Amino acid sequence: MEKEEIEKYVKAGRILWEAQQFARKELQPNCNLFEAVEKIEEFILKKGASCAFPVNLSLNENAAHQTPDWNDSIELNEEDVLKVDIGTHVDGRVADASFTINHSGKWNELIKATELALEKAFDLLDKNPTLGEIGQEIEAVISSKGFKPIQNLTGHGLAPFEQHAPPSIPNIKSQDNRRFENGKAYAIEPFASNGDGFVREALKSGIFQIEEPRPVRNAYARKILEFASENYKTLPFAERWLHRELKMSDFALKIGLKQLLKEKVIKSFPILREKKNAVVAQAENSFIKTENKIIKLVQKG
Ligand code: MN
Ligand code: MN
């Protein structure tokens, strides 16, 4: 990886760290999640990065892919377990990291289990582990705290303008003997729950991604596609972003998105929910591996 490219990843990571501090201050009990999410995303843009995907604010049994809609009035409750998953990018070089908030303190042990699993997985990186060994470490830490890792959610590679690139990095022990490669970027993201350790696809999330751009006849669909192709490229975007930027009526927006989904030009991300509606926590960080070191992307300083 060229020095210039490394610098882009590092800048994305630094801004993500700042956005996390900002988010922690904003996400107080009784705050409106729609207003908070828009402020966090605005913060990222002002600092000179772009959003690699809509900030995910996934509540309680929702593990991932929940983001407020533009007309949401949901407020954060003290009891809520909120996963704050943020992606930033600089010229397509993506940093991806998350943390979990619970103001009541009831779920501290669950949250700490994911944080410790992430820390231990990062400690292992210096030993050039296999992907399976990373999963084994995560599983061991989370199990030792009395919780279950979510088996069907994984970490992943990061590639230019790709927030999810191969390989999958397991959260449980596996036989995957591949190792992290020099010059590549990755995200590790343990999830833990007090349930059985699986998620299922639930409701639609309001998060979309262009899958196969091709000409569409419907005028609303065309307007959305042109805007999204130019501004978000191959990265996910939110319906509320379109609502804000395109000034289309709700009706036109819904029709346009529906048509793009029908023609498989875009795909939508379902909310990923714990199978038995058990509470989920998550911790995530990204790194790049160079020939002689591991550079953690999101950290203080
Ligand atoms: Mn993430
Ligand atoms: Mn990720």
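First listed ligand is number 1; within each ligand, the first listed atom is number 1. Computed from a predicted structure; not experimentally measured.
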Can you confirm whether the side chains of T130 and R178 place a donor and an acceptor under 3.5 Å from each other? no
How about N277 and R200: does a side-chain donor come under 3.5 Å of a side-chain acceptor? yes
Is there any ring pair (Phe, Tyr, Trp, His ring centres under 6.0 Å) pair reaching into residues 125-181, and which pairs are they, with sequence neighbours excluded? H89-F161, H156-H164, F180-Y186, F180-F287
Side-chain donor or acceptor of R244 paired with backbone N/O of E38 under 3.5 Å: no
Kindly confirm or rule out a cation-pi arrangement of R24 over F99, judged by NZ or CZ under 6.0 Å from the six-membered ring centre and within 45° of its axis? yes
Does the structure place the NZ or CZ of K296 under 6.0 Å from the centre of the six-membered ring of F122, at an angle of no more than 45° from the ring's axis? yes
What number of protein N, O or S atoms occur at distances under 2.8 Å from the Mn ion (ligand 1)? 4
Mind checking whether the Mn ion (ligand 2) has an N, O or S of H156 under 2.8 Å? yes
